[in-house]
Number of protein chains: 2
Amino acid sequence: MANINDIAKRAGVSVSTVSRVLNHHPYVSESKRAAVQRVIDEMDYTPNRLAVDLIRKETRKIGVIMPYNNNQAFDQLLHGVLNRSVELDYTVMVLPTKYDPDREHSCLNMLKNKQLDGIIITSRSNGWEAITPYTKYGTIVACEYTDHPEIGCAYMDRYASYLETFQMLKDKGHTRVAFTTARGEESNSTQLTIKAYQQVFGDLPSEYHIRDCYDMDDGARAAQQLLHLESRPTAVYANGDEVAAGLYQYGKSIELGVPADLAIIGQENQPIGIALRLSTVDHQLVKVGEQAFDLAIEKSKDKVEIPYRIIERYSI
Amino acid sequence: MANINDIAKRAGVSVSTVSRVLNHHPYVSESKRAAVQRVIDEMDYTPNRLAVDLIRKETRKIGVIMPYNNNQAFDQLLHGVLNRSVELDYTVMVLPTKYDPDREHSCLNMLKNKQLDGIIITSRSNGWEAITPYTKYGTIVACEYTDHPEIGCAYMDRYASYLETFQMLKDKGHTRVAFTTARGEESNSTQLTIKAYQQVFGDLPSEYHIRDCYDMDDGARAAQQLLHLESRPTAVYANGDEVAAGLYQYGKSIELGVPADLAIIGQENQPIGIALRLSTVDHQLVKVGEQAFDLAIEKSKDKVEIPYRIIERYSI
DNA sequence: CTGAAAGCGCTAACAT
DNA sequence: ATGTTAGCGCTTTCAG
């Protein structure tokens, strides 16, 4: 593969001149510029980006830390990021962590070893105190709110959202309401969900909280557990529309009326929920992803909130 | 940021020794190794990957060319790729092209400029003759079958799949069957769908082929067009379960019986299809993605076929 | 306007 | 076992 020296030699100029035409610098005579360009075309030359990035100390690459790569919510965030990245001519690396703290560290380390200009954290397993040190090496933006002044945030007000949803359920007369979450108390969203629940309903009977829910099967499993309870809940707030769909399916399968016998509300406004006419709260994750990307490339530490909206359909 | 020279100096050894301990080379005395390691830890040093990759001429990065970043089928392929990438400690860059041939070229060019070791093409807008030249710079594997000996393939036999599906529809007594596709004749899958249709049913009435279908709304629109036809089709083969769901919804909305009045079969076995009990043909795209990744890192040019399976549910 | 030369941070032959 | 040194391919002062 030809390099910049070959081009220089063949064009009868110095490498600096070649570099200048490559980077569209002014002060290059038209004749030399043309000569260089001709050789570049002839030899089908492309500058080596590794060398360029090494010396420029910039990569125009952003990483996206995602625990799972098969989860609708994270996919939405990723799509938002990608939307903006193509517009702004950045490239994005997907960094799955499976919520393994060590893996998460290796990903963050890509900032330190110069592979990335910035990282977007869609969800994390490490505490902030373990993460913030990496801001020394590049921009870090989170898709959740945090006080840390070094971290930019594109977030929705999860607590307000959960609160409003539970309150709405209560207003509709539900007193026994359950909910599902992905992870347990180690997760920020789970903590907020519990807190919001308690705020509205008081004590949380532990059997009303079903963990490890990610897809339809988990939703069905949750329904099964919930519906065989002594004090069977009359409404459940699912952590995603797929899980909600699973709940719905199971309810139907045992001839339960929705929403009469069981009210269901999901999250993220996904096709499956639309198809089943399930109510949902849309956290507008695509927008969150887009905003997060913008913050990342602006190296901004702003905290910007994205509004959520509750979409009432048939299931509630 | 400290570099390898700083470490060498501080540890009282040469850079080669530092490099050796960094890369776990043998023939380093335990005492020096320990000394170097201590300094590395003290100074919190991490080697610059750009410099390493530059000299090693290898990046351990794979790119995935995807026309859209909000399409279930491409997401499945991407998930397959990511599954394997974390196991094998590679990192993957997502390269959205929007089917723009120029964008596609820039992506392929990342091979030439050394940013990537290999590229997986999930779908393309350029002809192979425009793509194969890039194999000179790195591995290219496609998620469709092609003869080109320089291109590895992880594919399913689309033609056989389409043929079998149409034949099944015919065997069930359907004579007026329509289908939807994403792009038009410029797309390989569209061509194969048409060919399979003609093989089974003979001439294709142009109104039985609805293009530009990507999501539920498109499916509903397709249903609307199709169901107002003089010779209304009795079955439709959708290019995805979301589109199938849209067809289903529209059918329901005008009180059509499924499958009595309208049989529907989708593709890719997605949650929405499961929820609606829609029949589908599962091309196992996650597996295709996994296989494509393996081919890419093995720099293999093999053609490996992934089997498809027709899943009959209620809608047909 | 142009070129020489000094790096960027690292690896790997080649000596010793 | 360890050090010296020549690059990898590029950008950017600094002179002229």
Side-chain angles (χ1 to χ4, degrees), chain A residues 1-40 43-61 109-117 137-138, chain B residues 1-40 43-61 109-117 137-138:
Chain A
M1 270 282 297
N3 66 23
I4 199 174
N5 291 296
D6 302 330
I7 304 297
K9 224 163 285 172
R10 203 81 165 229
V13 301
S14 73
V15 294
S16 350
T17 299
V18 177
S19 176
R20 287 189 186 101
V21 349
L22 246 21
N23 296 290
H24 307 99
H25 277 299
Y27 308 128
V28 188
S29 69
E30 192 40 44
S31 63
K32 300 228 172 195
R33 144 163 277 112
V36 168
Q37 191 57 57
R38 184 161 10 85
V39 176
I40 287 177
M43 304 191 64
D44 194 27
Y45 165 75
T46 305
N48 182 318
R49 264 296 286 274
L50 293 173
V52 174
D53 291 350
L54 174 60
I55 199 164
R56 286 224 184 112
K57 298 175 185 325
E58 195 207 18
T59 61
R60 291 186 79 83
K61 293 188 192 17
N109 208 53
M110 296 179 75
L111 244 30
K112 189 168 170 192
N113 68 22
K114 303 307 183 189
Q115 297 192 82
L116 257 23
D117 293 345
Y137 310 112
Chain B
M1 272 281 296
N3 63 26
I4 199 174
N5 292 296
D6 302 330
I7 305 298
K9 223 164 287 173
R10 214 50 185 239
V13 300
S14 74
V15 294
S16 355
T17 300
V18 177
S19 176
R20 287 189 186 100
V21 348
L22 247 20
N23 298 290
H24 307 99
H25 278 299
Y27 309 128
V28 190
S29 69
E30 193 40 45
S31 64
K32 300 230 171 197
R33 142 163 278 111
V36 169
Q37 192 55 57
R38 183 162 10 85
V39 176
I40 287 177
M43 305 191 65
D44 193 27
Y45 165 76
T46 304
N48 182 318
R49 263 296 284 274
L50 293 174
V52 175
D53 291 350
L54 174 60
I55 199 166
R56 285 224 183 112
K57 296 174 188 328
E58 197 207 15
T59 60
R60 291 188 78 84
K61 293 186 190 24
N109 209 53
M110 296 179 75
L111 245 29
K112 190 169 167 189
N113 68 24
K114 304 303 182 192
Q115 298 193 79
L116 256 26
D117 293 346
Y137 309 114

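Chain letters run A, B, ... following the sequence lines, proteins first, then strands; residues in each count from 1.
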With salt bridge (charged side-chain N to carboxylate O under 4.0 Å, His left out) as the rule and sequence neighbours excluded, what pairs involving residues 9-19 of chain A come up?
A/Arg10-A/Glu42
To the nearest angstrom, the CG-P distance between B/Asp53 and C/dA12 comes to 12 Å
side-chain contact (heavy atoms from CB on, under 4.5 Å) with B/Asn109: which residues, sequence neighbours excluded?
A/Thr46, B/Lys112, B/Asn113, B/Tyr134
In whole angstroms, the gap separating P of C/dG9 from NZ of A/Lys114 amounts to 8 Å
C/dA4 P sits how many Å from A/Lys9 NZ, rounded?
12 Å
Run the salt bridge (Lys or Arg N to Asp or Glu O under 4.0 Å) test against B/Asp6 and tell me which residues pass, sequence neighbours left out.
none
Rounded to whole Å, how long is the line connecting atom CD1 of B/Ile7 with atom C1' of D/dG3?
17 Å
Length of the line joining B/Arg33:CZ and D/dT2:C1', which is rounded to integer Å:
13 Å
Applying a 4.0 Å non-hydrogen cut-off, can you work out what B/Lys32 is touching in the nucleic acid: base, sugar-phosphate, or nothing?
sugar-phosphate
By the salt bridge (charged side-chain N to carboxylate O under 4.0 Å, His left out) test, which pairs, at least two apart or in different chains, include something from residues 22-38 of chain A?
none
Atom pair CZ/CD of B/Arg60 and A/Gln115 - distance to nearest 0.5 Å
11.5 Å
Go along nucleotides 6-15 of chain D 5' to 3' and tag each nucleotide: B for a protein heavy atom under 4.0 Å from its base, S when only backbone or sugar atoms are that close, - otherwise.
-BBBBBB---
The side chain of A/Tyr27 lies closest to which of these nucleotides: D/dA1, C/dC1, D/dT4?
C/dC1
Partners of B/Asn3 by side chain to side chain donor-acceptor pair (under 3.5 Å), sequence neighbours excluded?
none
